[in-house]
Undergrad: 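Provided herewith is a single structure, encoded as structure tokens, for subsequent inquiry.
First the proteins, then the strands, lettered A, B, ... as listed; each starts at 1. Computation of the quantities below employed the complete heavy-atom set of this structure, encompassing side-chain atoms and omitting hydrogens, waters and symmetry-equivalent molecules.
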Amino acid sequence: MSSKQWYETFPKALDLNKLIFKIGEVSKMVSVSSRQLRYWEQKGYIKSNRSNNHNSRVYNFYNLLRIANIKNRINQGYTLIGAVHKVNEHGNNLNTVFSFMRESFHGIKMIHGNPAINLGYFDHHHKQILYGIIKSNQEVEYQLINKSDAFN
DNA sequence: ATTCTGACA
DNA sequence: TGTCAGGA
């Protein structure tokens, strides 16, 4: 009775500070080229953190959300600068937040005895699924799993 | 394999 | 913005 139920570890997976993605991952998720991400950052429109070891960019959930917002505005017809101003004025658009969460969360399943969050297809060809696996030490590990192997 | 910076037939 | 080079 004292042992926690597996789903009690679920909230840990929603620790947004642990939702960190590399530039290539962000690029695929929000359909913004890595070239654009670097340029936007250079112009001061967005921000990223550097993984101390490889000096490569990493983006947390909030940075990702901001990028998604800017991208959405551009899709709506705004210029890059216009999109940035709009996002700065209104902050994160709830519709974007919800649509992002809705499109990103695809349920939970057990993988190798650990609860894992299905974050949806990672590639445009729908061959790989991104999972956020909650390990026994409460750490979250992201892993790409081939669609065919995801139903074992 | 992935990312980084600089540069432009 | 895309893309390629030349390194890490």
Undergrad: Just checking A/Phe21 against A/Tyr142, ring centres under 6.0 Å apart?
TA: yes
Undergrad: Would the base of B/dT3 count as contacting A/Arg57 through its side chain, where contact means a donor and an acceptor less than 3.5 Å apart?
TA: no
Undergrad: Got a donor-acceptor contact below 3.5 angstrom from the A/Lys71 side chain to the A/Ser31 backbone?
TA: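 Answer holds: yes.
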Undergrad: Output the rounded distance in Å from CD1 (A/Ile23) to P (B/dA1).
TA: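 About 18 Å, once rounded to whole Å.
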Undergrad: Starting at atom CG of A/Leu144, determine the distance to atom P of B/dT2, rounded to an integer number of angstrom.
TA: 10 Å
Undergrad: Looking only at atom types and distance, does a side-chain atom of A/Arg50 sit under 3.5 Å from a main-chain N or O of A/Arg57, one as donor and one as acceptor?
TA: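 Not confirmed, A/Arg50 side chain does not pair with A/Arg57 backbone.
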Undergrad: Just the rounded figure in Å: distance from C1' of B/dT2 to CD1 of A/Ile20.
TA: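 Taking CD1 of A/Ile20 and C1' of B/dT2, I get 18 Å after rounding.
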Undergrad: Return the value, rounded to whole Å, for the distance between atom CZ of A/Arg38 and atom P of B/dT5.
TA: 7 Å
Undergrad: Just how far, in rounded Å, is C1' of B/dC4 from CD of A/Gln42?
TA: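 After rounding, the reported distance stands at 13 Å.
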Undergrad: So what's C/dT1 paired with, Watson-Crick or G-U wobble, going by both distances under 3.5 Å?
TA: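 When the pairing criteria are applied, nothing turns out to pair with C/dT1, so the answer is none.
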Undergrad: To the nearest angstrom, how far is A/Trp40 atom CH2 from B/dT5 atom P?
TA: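 Nearest whole value for this atom pair: 17 Å.
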Undergrad: Remember a base hit wins even if backbone is also touched, and classify A/Ser33 as base, sugar-phosphate or nothing at under 4.0 Å, heavy atoms.
TA: sugar-phosphate
Undergrad: Starting at atom NZ of A/Lys22, determine the distance to atom P of B/dC4, rounded to an integer number of angstrom.
TA: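 In whole Å, B/dC4 P lies 10 Å from A/Lys22 NZ.
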Undergrad: In whole angstrom, give the distance that lies between atom CZ of A/Arg35 and atom C1' of B/dT5.
TA: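 Those two atoms, CZ and C1', are 10 Å apart.
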Undergrad: Could you please name the partner base of C/dA8, counting Watson-Crick and G-U wobble pairs only when both distances are under 3.5 Å?
TA: B/dT2
Undergrad: Given that A/Arg50 and A/Lys28 both sit by DNA chain B, which one's nearest nucleotide is further toward the 5' end?
TA: A/Lys28
Undergrad: After noting the C-alpha distance and the side-chain angles of A/Asn88 and A/Arg66, does the key distance pass the side-chain hydrogen bond (donor to acceptor under 3.5 Å, both in side chains) rule?
TA: CA-CA 9 Å; A/Asn88 287 341; A/Arg66 180 181 171 76; 2.9 Å; yes
